[in-house]
Novice: 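Right, I'll just put the structure down here and ask away after.
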Amino acid sequence: MVTFAVIIFTEGEINEVVEVRRPVVLGLFATAIVPSGQPRSPPNVPQPIEIDTSSHFATDREENDRDELIKWARSVSQSLRFAIIVRRSDSGEKRKAQLVLECERSGKYVPAKKKLKSDTSGTRKCECPFRLRGYYNKATKLWRLTVVNGMHNHELDKGLEGHLVAGRLKPQEKEFMDEMTRNAVAPKNILSTLKERDPENKTSAKQVYNARHRYRVKMRASMTEMQHLCKKLDDNKYYYKYRTVVEDGVEHLQDIFFAHPRSITLLNSFHTVLMMDSTYKTSKYKMPLFEIVGYTSTEKTFNVAFAWLSNEKEDNFIWALQQLRCLLRRETNLPKGYLPWRVTGSLCFGKA
């Protein structure tokens, strides 16, 4: 409020002085200024979330094995729609026996030192204070669980789909995964089979892909990817040829050509028509795949051979066709001419 005086003059003399009090409204963005006519309201601060789950873990349960106690705690947490991780654990052989279980959202997110390509990464960590502690009684040789803090500072999820801890593969599921990977079963079929075997399974598609990748890395051991490919071609008795190029004193793969023994047999039986095309969806090595397809007398197609080429240049295709020519047992089996196939952009070889 601002007070000011209004002076009224009559015939050059002061006749009356009137005191006036009126509110003055300054800019809305000024500090500690409230618009006129509107009451001051407290800032909209979200209320802290506090969910107490202590009663679900308060028990006199005792177990001979520490893993059984962890299994029970995780089954209770999954029924409440959150996951538990093992923060610290020691069997007591060299140090004091201890067991600390926490919510998977406990702790703080530690950013990577290496700058990521995308800065839109998030985290599930929110410093959740939930904690359980397990004690080992030397007299009874039993493990017992106590509640240190049963509070959560976040909402519990409606489901556990996508949780890394809840979706971990069991030992028998890992063996099944390795077997299906060896048999070249698609990841979606592996996941559906896991769900059929165990309706309570929470594994996600990403976890299936990661498990397949870890298995392949384990099988490759110390071999490079190129050495592993050649080993697989040898094990399955493929015909394959490759050539290399030296750049900066290092030998690099330039092109590789391979064909299955049954495909070679079919090629020598049905060599009249050959269709060739190169895919433009390259692999991570930036090498297009050159595919050669044959055509049988019953109007069925079959794969003759494949080649990964470093470039789609004349020299690369000539080299691949030379390797294809080596698959034919007789020179008279060679196609006599070719014509462009405009629909797919490939070449169709056949007798003129």
Side-chain angles (χ1 to χ4, degrees), residues 179-193 212 216 219-220 225-245 253-352:
E179 182 182 355
M180 293 295 101
T181 303
R182 284 195 301 269
N183 296 325
V185 179
K188 64 177 182 180
N189 296 334
I190 296 176
L191 183 61
S192 62
T193 306
R212 293 172 77 247
R216 288 173 175 173
M219 293 299 295
R220 198 173 68 212
E225 294 184 350
M226 189 62 213
Q227 291 172 338
H228 188 247
L229 173 61
C230 293
K231 181 180 181 299
K232 287 296 182 182
L233 293 175
D234 278 329
D235 294 343
N236 293 278
K237 299 180 180 179
Y238 272 74
Y239 171 88
Y240 70 97
K241 294 288 183 180
Y242 63 89
R243 61 176 181 170
T244 59
V245 60
L253 176 71
Q254 185 175 4
D255 304 309
I256 181 170
F257 177 95
F258 54 95
H260 193 271
R262 290 191 60 188
S263 298
I264 298 174
T265 303
L266 287 172
L267 171 64
N268 285 275
S269 300
F270 306 100
H271 48 77
T272 305
V273 177
L274 293 178
M275 294 174 288
M276 306 178 188
D277 196 8
S278 184
T279 61
Y280 290 92
K281 186 178 180 181
T282 57
S283 63
K284 67 177 182 179
Y285 303 104
K286 308 299 181 184
M287 298 178 70
L289 179 65
F290 182 55
E291 183 179 8
I292 305 171
V293 178
Y295 199 72
T296 68
S297 58
T298 57
E299 299 182 356
K300 301 293 184 181
T301 59
F302 64 95
N303 292 318
V304 176
F306 299 91
W308 269 304
L309 308 176
S310 58
N311 293 294
E312 291 186 304
K313 295 182 179 179
E314 183 178 355
D315 175 65
N316 302 93
F317 288 115
I318 290 176
W319 179 86
L321 293 177
Q322 287 174 347
Q323 307 312 312
L324 174 64
R325 185 171 184 171
C326 295
L327 301 181
L328 296 171
R329 298 190 181 99
R330 293 184 299 177
E331 289 291 330
T332 55
N333 292 343
L334 290 173
K336 302 300 181 182
Y338 73 92
L339 56 105
W341 195 347
R342 295 183 179 178
V343 177
T344 62
S346 60
L347 294 180
C348 177
F349 286 79
K351 288 188 178 180

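Fair warning: this is a prediction, and the values are worked out from it, not measured in the lab. Residues: numbered from 1 along the sequence shown.
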Novice: With side chain to side chain contact (heavy atoms under 4.5 Å, CB included) as the criterion, how do Tyr238 and Ile264 come out once you've worked through the C-alpha distance, each side chain's angles and the decisive distance to 0.1 Å?
Specialist: CA-CA 10 Å; Tyr238 272 74; Ile264 298 174; over 6 Å; no
Novice: Pick out which of Tyr240, Phe258, Phe290 makes a ring-ring contact (aromatic ring centres under 6.0 Å, His included) with Trp308.
Specialist: Phe258
Novice: Report the C-alpha separation of Leu253 and Arg243 in whole Å, then their side-chain angles, then the decisive distance to 0.1 Å, and conclude whether the side chain to side chain contact (heavy atoms under 4.5 Å, CB included) test is met.
Specialist: CA-CA 6 Å; Leu253 176 71; Arg243 61 176 181 170; over 6 Å; no
Novice: Donor-acceptor pair, Ser263 side chain versus Asn303 backbone, under 3.5 Å?
Specialist: yes
Novice: Side chain to side chain contact (heavy atoms under 4.5 Å, CB included) for Leu327 and Tyr239? Distances and angles first, verdict last.
Specialist: CA-CA 9 Å; Leu327 301 181; Tyr239 171 88; 3.4 Å; yes
Novice: If you take all heavy atoms of Val304 and Ala259, which pair is closest and at what distance?
Specialist: O-CB, 3.4 Å
Novice: For Ser269, which residues count as a side-chain contact (heavy atoms from CB on, under 4.5 Å) partner, sequence neighbours excluded?
Specialist: none
Novice: Quick one: pull up SG in Cys230 and OH in Tyr242 and give me the separation to the nearest 0.5 Å.
Specialist: 5.5 Å
Novice: State, without any angle test, whether Thr244 and Gln254 hold a side-chain donor-acceptor pair at a distance under 3.5 Å.
Specialist: no
Novice: Hey, mind stepping through Lys232 and His228 against side chain to side chain contact (heavy atoms under 4.5 Å, CB included) and telling me if it holds?
Specialist: CA-CA 6 Å; Lys232 287 296 182 182; His228 188 247; 3.6 Å; yes
Novice: Determine the minimum heavy-atom distance between Leu328 and Leu267, stating which atoms define it.
Specialist: CD2-CG, 3.7 Å
Novice: Looking at every non-hydrogen atom in both residues, tell me the closest pair between Lys237 and Pro261 and how far apart they are.
Specialist: O-CG, 2.9 Å
Novice: How close do Tyr295 and Thr301 get, counting heavy atoms only, and between which atoms?
Specialist: CD1-CG2, 3.8 Å
Novice: Which residues pass the side-chain contact (heavy atoms from CB on, under 4.5 Å) test with Val185, not counting sequence neighbours?
Specialist: Met180, Asn183, Asn189, Ile190
Novice: Side chains of Met276 and Leu324: closer than 4.5 Å at any heavy-atom pair?
Specialist: yes
Novice: Is there side-chain contact between Arg212 and Pro187, with heavy atoms separated by less than 4.5 Å?
Specialist: yes
Novice: Any side chain to side chain donor-acceptor pair (under 3.5 Å) involving residues 316-326? Give me the pairs, sequence neighbours left out, ordered by first then second residue.
Specialist: Asp255-Asn316, Ser310-Asn316, Arg325-Glu331
Novice: Which value, rounded to the nearest 0.5 Å, describes the distance between Lys188 atom NZ and Thr193 atom OG1?
Specialist: 12.0 Å
